[in-house]
Student: 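Just passing along the structure, written as structure tokens.
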Amino acid sequence: QLQASGGGSVQAGGSLRLSCAASGRTFSAYVMGWFRQAPGKEREFVSAVDRSGSSPYYAESVKGRFSVSRDNAKNTAYLQMNSLKPEDTAVYYCAAVLTLDYYSNYRKYNYWGQGTEVTVSS
């Protein structure tokens with residue numbers, strides 16, 4: 001089970017840190033991904049991190065502004081979002097998948113958090 005938190009409303013240029021807490025003892029076995037979905041749009045890949053936390057992956061639209069990490073001892077993944085833009089407004093979801101092969105494909109993920117809303121105003 002995944003629980004995402006940390007969303008909120010900020011002005012453009014601001015920052016937010018999302019957290020994704022996992023229950024269970026197999027957190028370190030999963031690749032963790034972050035996706036977002038804006039109203040009327042398809043869910044899109046934002047970022048992912050491998051099992052150890054040593055290899056992050058980013059969508060081009062967030063590269064250089066967002067940073068993904070995880071703490072396997074705390075069963076938690078994080079998404080630090082800086083220099084936020086109005087186009088970052090969406091519901092953000094964390095998800096878990098066993099293989100890194102399809103880290104950017106939301107259809108391949110096995111488990112999903114409930115989503116946390118991020119609103120960026122101009």
Side-chain angles (χ1 to χ4, degrees):
Q1 188 174 1
L2 302 176
Q3 183 80 23
S5 62
S9 296
V10 297
Q11 290 193 326
S15 298
L16 285 172
R17 188 194 196 199
L18 306 185
S19 298
C20 178
S23 59
R25 293 175 289 181
T26 59
F27 177 74
S28 61
Y30 288 86
V31 172
M32 296 302 297
W34 289 94
F35 294 81
R36 66 187 181 188
Q37 189 166 17
K41 293 188 176 182
E42 190 175 8
R43 191 166 298 191
E44 65 172 356
F45 169 73
V46 175
S47 183
V49 62
D50 72 342
R51 297 175 188 83
S52 67
S54 60
S55 296
Y57 303 87
Y58 300 99
E60 283 298 320
S61 59
V62 307
K63 202 171 287 185
R65 300 187 296 121
F66 290 13
S67 178
V68 65
S69 61
R70 66 190 295 163
D71 186 338
N72 287 340
K74 295 182 178 180
N75 282 7
T76 303
Y78 305 96
L79 185 68
Q80 177 67 43
M81 306 187 296
N82 299 327
S83 302
L84 283 162
K85 304 176 181 180
E87 51 263 44
D88 294 319
T89 295
V91 177
Y92 283 71
Y93 299 88
C94 61
V97 65
L98 282 171
T99 176
L100 198 56
D101 292 348
Y102 306 105
Y103 67 85
S104 64
N105 186 342
Y106 72 89
R107 296 178 179 85
K108 297 295 186 179
Y109 278 72
N110 308 104
Y111 304 100
W112 288 86
Q114 85 287 3
T116 184
E117 190 165 1
V118 172
T119 303
V120 185
S121 57
S122 57

Student: The criterion is side chain to side chain donor-acceptor pair (under 3.5 Å); which residues satisfy it with Ser15, sequence neighbours excluded?
Tutor: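 If we apply the side chain to side chain donor-acceptor pair (under 3.5 Å) test to Ser15, skipping adjacent residues, the hits are Asn82.
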
Student: Taking side chain to side chain donor-acceptor pair (under 3.5 Å) as the test, write out the residues that go with Gln114, two or more places apart.
Tutor: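 Applying side chain to side chain donor-acceptor pair (under 3.5 Å) to Gln114 gives none.
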
Student: Salt bridge check: are Glu87 and Lys41 linked by an N-O gap of less than 4.0 Å?
Tutor: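 Not counted as a salt bridge, because no side-chain N and carboxylate O are separated by less than 4.0 Å.
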
Student: Quick one: list whatever passes salt bridge (charged side-chain N to carboxylate O under 4.0 Å, His left out) with Arg17, sequence neighbours left out.
Tutor: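 By the salt bridge (charged side-chain N to carboxylate O under 4.0 Å, His left out) rule, Arg17 matches no residue at all.
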
Student: Can you list the residues that meet the side chain to side chain contact (heavy atoms under 4.5 Å, CB included) rule with Ala59, with sequence neighbours excluded?
Tutor: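 Ala59 satisfies side chain to side chain contact (heavy atoms under 4.5 Å, CB included) with Phe45, Ser61, Val62 only.
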
Student: With the 4.5 Å side-chain cut-off for hydrophobic clustering, are Tyr102 and Val31 part of the same group?
Tutor: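 Hydrophobic grouping puts Tyr102 apart from Val31.
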
Student: Roughly how far apart are Gln3 CD and Asn75 CG, rounded to 0.5 Å?
Tutor: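 The CG atom of Asn75 is 13.5 Å from CD of Gln3, to the nearest 0.5 Å.
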
Student: Among all residues two or more places apart in sequence or in another chain, which pass the side chain to side chain donor-acceptor pair (under 3.5 Å) test with Glu44?
Tutor: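 For Glu44, the residues satisfying side chain to side chain donor-acceptor pair (under 3.5 Å) (neighbours in sequence not counted) are Arg36.
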
Student: Drop me the distance from Ser83's OG to Asp88's CG, to the nearest 0.5 angstrom.
Tutor: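 Those atoms lie 9.5 Å apart.
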
Student: Restricting to side chain to side chain contact (heavy atoms under 4.5 Å, CB included), what partner residues turn up for Val91, sequence neighbours left out?
Tutor: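 Checked Val91 against side chain to side chain contact (heavy atoms under 4.5 Å, CB included); matches are Tyr93, Glu117.
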
Student: Run the ring-ring contact (aromatic ring centres under 6.0 Å, His included) test against Tyr57 and tell me which residues pass, sequence neighbours left out.
Tutor: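 Tyr57: ring-ring contact (aromatic ring centres under 6.0 Å, His included) contacts with Tyr103.
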
Student: Show the nearest heavy-atom pair for residues Arg51 and Ser28, with the distance to one decimal.
Tutor: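 The answer is CB-O, 3.3 Å.
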
Student: Of all residues at least two apart in sequence or in a different chain, which pass the side chain to side chain donor-acceptor pair (under 3.5 Å) check with Ser23?
Tutor: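 Partners of Ser23 by the side chain to side chain donor-acceptor pair (under 3.5 Å) criterion come out as none, since no residue qualifies.
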
Student: Could you give me the CA-CA distance, side-chain angles and deciding distance for Phe27 and Lys74, then say whether side-chain contact (heavy atoms from CB on, under 4.5 Å) is met?
Tutor: CA-CA 9 Å; Phe27 177 74; Lys74 295 182 178 180; over 6 Å; no

Student: Would you say Val97 and Val49 are hydrophobically clustered, going by side-chain heavy atoms of ILVMFWY under 4.5 Å?
Tutor: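 No, no single cluster joins them.
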
Student: Please say yes or no: joined through hydrophobic side-chain contacts below 4.5 Å, possibly via intermediate residues, are Leu18 and Phe35 part of one cluster?
Tutor: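 No, Leu18 and Phe35 fall in different hydrophobic clusters.
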
Student: Backbone N or O of Tyr92 within a donor-acceptor pair of the Thr116 side chain at under 3.5 Å?
Tutor: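 Here the side-chain-to-backbone pair does not exist.
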
Student: Looking only at heavy atoms, what is the nearest atom pair of Leu98 and Asn110, with distance?
Tutor: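 What the structure gives for the nearest pair is N-OD1, 3.6 Å.
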
Student: Output yes when a side-chain donor or acceptor of Ser54 lies under 3.5 Å from a complementary backbone atom of Ser52, and no otherwise.
Tutor: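 Flag not set: sc Ser54 to bb Ser52 has no pair under 3.5 Å.
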
Student: Please round to the nearest 0.5 Å and tell me the distance separating atom CG of Leu79 and atom OG of Ser67.
Tutor: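 Spacing of CG (Leu79) from OG (Ser67) equals 8.0 Å.
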
Student: Test your reading of the model: is there a side-chain donor-acceptor pair from Asp50 to the backbone of Ser55, 3.5 Å cut-off?
Tutor: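 Present.
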
Student: Ignoring hydrogens, what is the shortest heavy-atom contact between Ala22 and Leu2? Give both atom names and the distance.
Tutor: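 It is CB-CD2, 3.6 Å.
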
Student: According to side chain to side chain contact (heavy atoms under 4.5 Å, CB included), who are the partners of Gln11, at least two apart in sequence or on a separate chain?
Tutor: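 Gln11 satisfies side chain to side chain contact (heavy atoms under 4.5 Å, CB included) with Ser121 once adjacent residues are dropped.
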
Student: Could you pull out all residues at least two apart from Ser69 that satisfy side chain to side chain contact (heavy atoms under 4.5 Å, CB included)?
Tutor: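 Scan of Ser69 (side chain to side chain contact (heavy atoms under 4.5 Å, CB included), adjacent residues dropped) gives Tyr78.
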
Student: Would a hydrophobic clustering, with Ile, Leu, Val, Met, Phe, Trp and Tyr connected at side-chain separations under 4.5 Å, put Tyr106 with Val68?
Tutor: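 No; Val68 is not reachable from Tyr106 via cluster members.
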
Student: Lys63: which residues meet the salt bridge (charged side-chain N to carboxylate O under 4.0 Å, His left out) condition with it, sequence neighbours left out?
Tutor: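 Result, salt bridge (charged side-chain N to carboxylate O under 4.0 Å, His left out) vs Lys63: Glu60.
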
Student: Among residues at least two apart in sequence or on other chains, which ones pass ring-ring contact (aromatic ring centres under 6.0 Å, His included) with Tyr111?
Tutor: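 Applying ring-ring contact (aromatic ring centres under 6.0 Å, His included) to Tyr111 gives Tyr30.
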
